[in-house]
Amino acid sequence: MSTEHEYDVQAIQERWLPIWDELKPFDSNKPGDERPKKYVLDMFPYPSGDLHMGHAEAYALGDVVARYWAQKGFNVMHPIGWDSFGLPAENAAIKRGLDPKGWTYDNIEQQRTSMRRYACSFDWDRVLVTSDPIYYRWNQWLFLEFYKRGLAYRKNSPVNWCPSCQTVLANEQVVQGLCERCDSAVTKKALTQWYFKVTDYADRLLDDLDGLEGNWPNKVLSMQRNWIGRSYGAEVQFSIAGREEPITIYTTRTDTLYGATFMVIAVDSPLAAELVENSEASVKAEFDAYLEKTKKSNDIERLATDREKTGVFIDRYAINPINGESIPIWVSDYVLADYGTGAIMACPAHDERDLEFAEKFNLPIRPVAEDPEDFNADGARINSHEFDGMLREEAAEKMLKKLEDQGLGKKAKNFRLRDWLISRQRYWGTPIPIIHCDGCGEVPVPADQLPVELPSAEGLDLKPKGTSPLGAATDWVNVACPSCGKPAKRDTDTMDTFVDSSWYFLRFLSPKSETEAFPIQAAKNWAPVDQYVGGVTHAILHLLYARFFTKVLNDMGMIDFDEPFTRLLNQGMVQMNGSAMSKSRGNLVRLSDQLGEHGVDAIRLTMAFAGPPEDDIDWADVSPAGSAKFLARAWRAANDVTSETGVDFKTGNAELRKATHSFLRDFGPLIENFKFNVGVAKLMELVNAIRKTVDGNVGGSDPAVREAAEVVAIGLSLFAPYTAEDMWAVLGHKPGVALAGLPKADESLLVESTTIAIIQVDGKLRDKFEVSVAITAEELREKAFESYNVKRAIGDSEIANVIVREPKLVNIATR
RNA sequence: GCUCCUUUAGCCCAAUGGCAGAGGCAGACGACUUAAAAUCGUCACAGUGUGGGUUCGAGUCCCACAAGGAGCACCA
């Protein structure tokens with residue numbers, strides 16, 4: 001405990017850290033531990049430097065949850081690791097001419113030290129680092145398992161391409177259509193790349209979101225639903241003059257088939273290329289010019305919403321199967337090559353985009369709805385022969401039936417979700433464990449030859465140049481084919497780092513294992529994650545990929561659940577003066593400065609108290625100095641206790657005991673519902689009550705004061721571990737307030753014999769008085785009518801209704 | 001354009017459909033002090049973005065609108 005009668009933040013921090021290292025209160029692997037299990041996980045950080053304010057918020061809030069369950073008597077597994085592969089390390093290395101490895105591991109050490117000082121309740125025996133071969137070996141193993149199941153495959157398709165950096169970019173590396181590194185306009189380029197077949201799981205990924213309702217933020221659920229974007233419709237076959245095979249189009253509006261006046265095909269699709277193959281030179285030239293222009297156009301132009309429609313008529317015709325009509329075929333960039341079949345029927349009378357196109361190129365517009373105002377064509381059909389008069393739904397159904405009978409159409413669904421492009425032409429990532437052999441083709445690296453370790457970066461030019469830097473590591477690239485033994489080459493691409501983070505929560509069960517990705521039995525005991533905590537920035541990609549992996553692992557029989565994160569808490573961001581903190585904006589608040597000025601506990605408490613955790617915190621609006629003041633106040637309250645440990649609380653001051661136990665009743669539900677700010681407010685209330693009791697005529701010797709101070713120390717341990725531990729010592733206890741346990745509220749202390757009854761007339765408060773809680777409805781009603789204020793409010797009005805909710809309320813409604 | 005969130009005191013934020021205020025910041029006043037800081041105490045301040053509706057009763061439920069924010073975006 002503090003020797004001075006004064007709250008010394010720095011001294012307290014230095015005192016307890018080594019003692020906790022000894023005690024290991026958050027070791028989740030104690031032999032014979034009988035406590036029920038709880039898996040609490042914070043999204044692991046990228047080691048891009050020291051911890052910043054965002055980390056401070058995330059880990060403060062994650063710690064509240066983890067420490068709460070520990071106080072509730074659970075064996076909490078709260079592990080930490082580093083998501084340490086990726087571009088920032090590589091870019092830093094290029095800039096400084098260093099090995100990405102050194103930069104990465106230096107940062108990890110710095111963050112580890114900062115986390116320890118920040119008193120994170122991590123289990124330090126379960127650390128993982130994704131750039132360790134012992135970790136990424138299992139990325140490779142999983143890749144090969146996916147490959148076996150046809151879930152990992154290579155295909156040639158257009159990808160984001162930065163012409164200046166000469167590299168493929170992930171969607172997330174394209175910012176407003178510009179390369180995040182060099183700000184040049186990103187274009188598309190066709191390349192052969194590795195993909196994971198997420199689309200095979202699209203239905204399950206969408207449908208299973210329903211089961212997360214209530215436990216995941218609605219925002220995330222709707223973002224995921226949006227992203228997956230399932231639509232129901234039909235595939236319809238249009239035969240083509242001069243082509244044997246018909247063209248299949250996808251539509252959600254079979255009911256507008258009679259309004260289809262032309263067909264549009266994605267200009268960059270293989271189908272379009274094929275259709276113009278033997279066209280007249282003039283058509284072909286026009287097509288080629290347009291295709292070239294489209295390829296050069298970048299996302300900036302594509303994003304412009306008011307962009308005029310463009311396209312080329314390719315002098316070919318399709319037959320509309322519903323009426324045998326011949327319609328012209330156009331190519332355009334407004335039809336996407338990789339959605340549906342890359343071809344649509346255009347119904348300009350009932351589709352805004354088609355209408356715009358038709359107007360631009362003077363194509364016929366034929367309405368199929370009776371009411372000219374009915375753009376959506378919900379009402380009665382016209383121009384639709386035997387279907388005339390039918391409403392949208394019936395028309396859709398019957399037209400599809402007709403097509404089905406002729407074998408020209410069938411029900412279909414489509415997803416906005418695309419397969420996951422996982423290959424990167426970069427050095428700092430998990431090598432893809434495939435060997436390319438001229439004779440045998442793609443050959444998986446045999447499991448007993450894993451891991452395929454990254455070669456040293458020494459001598460490699462890491463600068464992006466369109467192909468992976470690993471290609472230059474000739475000793476590494478050239479290997480014997482595992483199948484035929486002839487000279488072959490390793491795949492030189494590395495995996496997207498989202499692969500690493502898609503299953504790391506399972507690796508924590510045995511981070512050091514060299515024989516398995518994770519132990520199946522331990523996964524049964526510990527997983528899925530009971531509580532996941534992290535930023536909303538990962539609402540789509542990371543969470544979707546982790547859900548995908550979980551479903552695949554479930555299908556592989558390795559786990560018995562199919563959702564990885566039972567509950568999810570998304571904390572907001574820390575801002576300064578209304579905007580995200582950044583060096584260039586000049587509003588950067590340094591965590592180390594804040595910790596130095598106010599102490600770890602005050603910063604953690606401020607994060608929890610600022611407001612609901614999912615809201616952004618504006619650092620200009622909060623008061624770490626105020627938090628520090630409260631901590632000192634709480635600490636002094638403990639110092640004011642003069643009774644001995646173990647004193648019988650029952651004889652203590654009744655009023656304070658009641659405050660203590662109503663705190664104990666309210667606190668748990670508040671934390672479990674993530675109302676940390678309210679929980680802190682309740683602690684402040686209790687400290688105020690102690691102060692009042694001590695300074696009043698009861699004094700510090702009353703047992704109720706000790707009881708209240710001990711409860712404050714335990715409750716405070718969730719937010720301010722150093723102060724709480726010191727208070728615990730001041731109160732005469734052995735170190736270990738983190739596991740002291742939250743006492744149960746004594747309900748008998750909370751029973752009221754009287755309450756205040758509210759009397760309303762027409763919903764307005766007119767009188768209130770104290771009544772027994774046992775009062776009958778009849779008695780309360782009578783008392784209400786005796787009130788002078790009530791009589792006056794009623795006046796001459798006639799009474800229409802009297803609502804009595806004894807013992808609290810009477811509402812008299814007048815006419 | 002589509003989807004979603006938010007709006008309560010000068011500020012950050014509470015309030016199982018039942019007295020609008022739990023807590024804090026900033027503020028005023030007082031006690032302690034030679035003084036200041038720290039500490040302790042007391043106090044003031046809104047009727048819940050706007051307009052409707054449901055209800056005995058609405059900050060809370062429903063509808064429309066406004067403002068601010070987030071995500072997706074030519075997905076046929």
Side-chain angles (χ1 to χ4, degrees), chain A residues 6-7 217-227 229-231 233 249-253 256 260 263-264 266 302-307 309 332-336 338-347 350-354 356-357 414-418 536-537 539-540 572-573 578 605-606 609-612 614-627 629-630 632-633 636 666 669-670 675 677-688 691-692 694-695 756-768 799-805 808-814:
Chain A
E6 186 176 302
Y7 176 69
N218 286 331
K219 186 182 175 181
V220 175
L221 293 175
S222 75
M223 279 164 77
Q224 292 233 343
R225 288 190 178 111
N226 230 313
W227 184 265
R230 181 167 56 197
S231 80
I249 59 103
Y250 173 74
T251 179
T252 55
R253 296 300 304 270
T256 62
M263 176 182 278
V264 187
R302 283 196 160 233
L303 282 172
T305 45
D306 51 355
R307 205 161 60 102
K309 290 274 179 290
S332 176
D333 62 1
Y334 88 91
V335 172
L336 307 176
D338 57 352
Y339 183 79
T341 61
I344 63 157
M345 66 171 202
C347 178
H350 303 290
D351 182 282
E352 263 178 60
R353 298 152 302 185
D354 298 344
E356 222 182 291
F357 194 85
N414 255 297
F415 296 92
R416 167 182 262 131
L417 181 72
R418 305 294 148 81
V536 73
T537 41
I540 297 177
M573 294 191 308
L605 186 72
T606 302
F609 184 54
E614 57 273 17
D615 288 4
D616 291 341
I617 298 174
D618 195 321
W619 202 248
D621 289 337
V622 296
S623 171
S627 298
K629 203 167 108 182
F630 163 70
R633 198 170 147 86
R636 281 196 308 272
D666 297 343
L670 286 170
K675 297 186 167 194
N677 54 327
V678 186
V680 173
K682 296 280 177 203
L683 272 170
M684 291 172 166
E685 220 178 326
L686 186 53
V687 170
N688 289 346
R691 185 80 271 137
K692 210 168 178 176
V694 171
D695 292 350
I756 303 294
I758 308 302
I759 315 301
Q760 301 174 330
V761 177
D762 292 324
K764 289 193 190 71
L765 175 69
R766 292 304 180 191
D767 203 357
K768 53 182 169 183
I799 290 163
N801 196 5
V802 181
I803 309 292
V804 183
R805 294 275 181 275
K808 286 263 189 200
L809 179 116
V810 177
N811 188 14
I812 300 161
T814 66

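The chains referred to below are lettered A, B, ... by the order of the sequence lines, with proteins before strands, and numbering in each begins at 1. As the structure is a computational prediction, the values presented were derived from the model and not from experiment.
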Can you tell which of [options] lies closest to the side chain of [X]?
X      : options             : result
A:Y250 : B:C19, B:A76, B:G18 : B:A76
A:K675 : B:U39, B:A15, B:C56 : B:A15
A:K219 : B:C25, B:A76, B:A70 : B:A70

Take the protein atom CG of A:D354 and the nucleotide atom P of B:A76, then report the distance between them rounded to whole Å. 12 Å

Measure from CG on A:L809 to P on B:G57 and round the result to the nearest Å. 13 Å

Taking atom types as they are modelled, is there a donor-acceptor pair under 3.5 Å from the base of B:G1 to the side chain of A:E352? no

Is A:N811 side chain donor-acceptor paired with the B:C56 base, going by distance under 3.5 Å alone?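 By the distance-only test, yes, there is a pair.
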
Touch class at under 4.0 angstrom, heavy-atom based, for A:R418 against every strand present: base

So what does A:P612 hit on the nucleic acid, given a heavy-atom distance under 4.0 Å: a base, only sugar-phosphate, or nothing?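 Since only primed, P, OP1 and OP2 atoms lie under 4.0 Å of A:P612, the category is sugar-phosphate.
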
Taking the [atom1] atom in each of [N] and [M], what is the distance between them to the nearest angstrom?
N     : M     : atom1 : result
B:G24 : B:G30 : P     : 22 Å
B:C13 : B:G71 : C1'   : 26 Å
B:A46 : B:A64 : C1'   : 26 Å

Taking atom types as modelled, find out whether A:T814 and A:D762 have a side-chain donor-acceptor pair closer than 3.5 angstrom.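 The answer is yes; a qualifying pair exists.
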
Where does the angle between the aromatic ring planes of A:Y339 and A:Y250 fall among parallel (under 30°), tilted (30 to 60°) and perpendicular (over 60°)?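 Because their plane-to-plane angle is over 60°, the rings of A:Y339 and A:Y250 count as perpendicular.
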
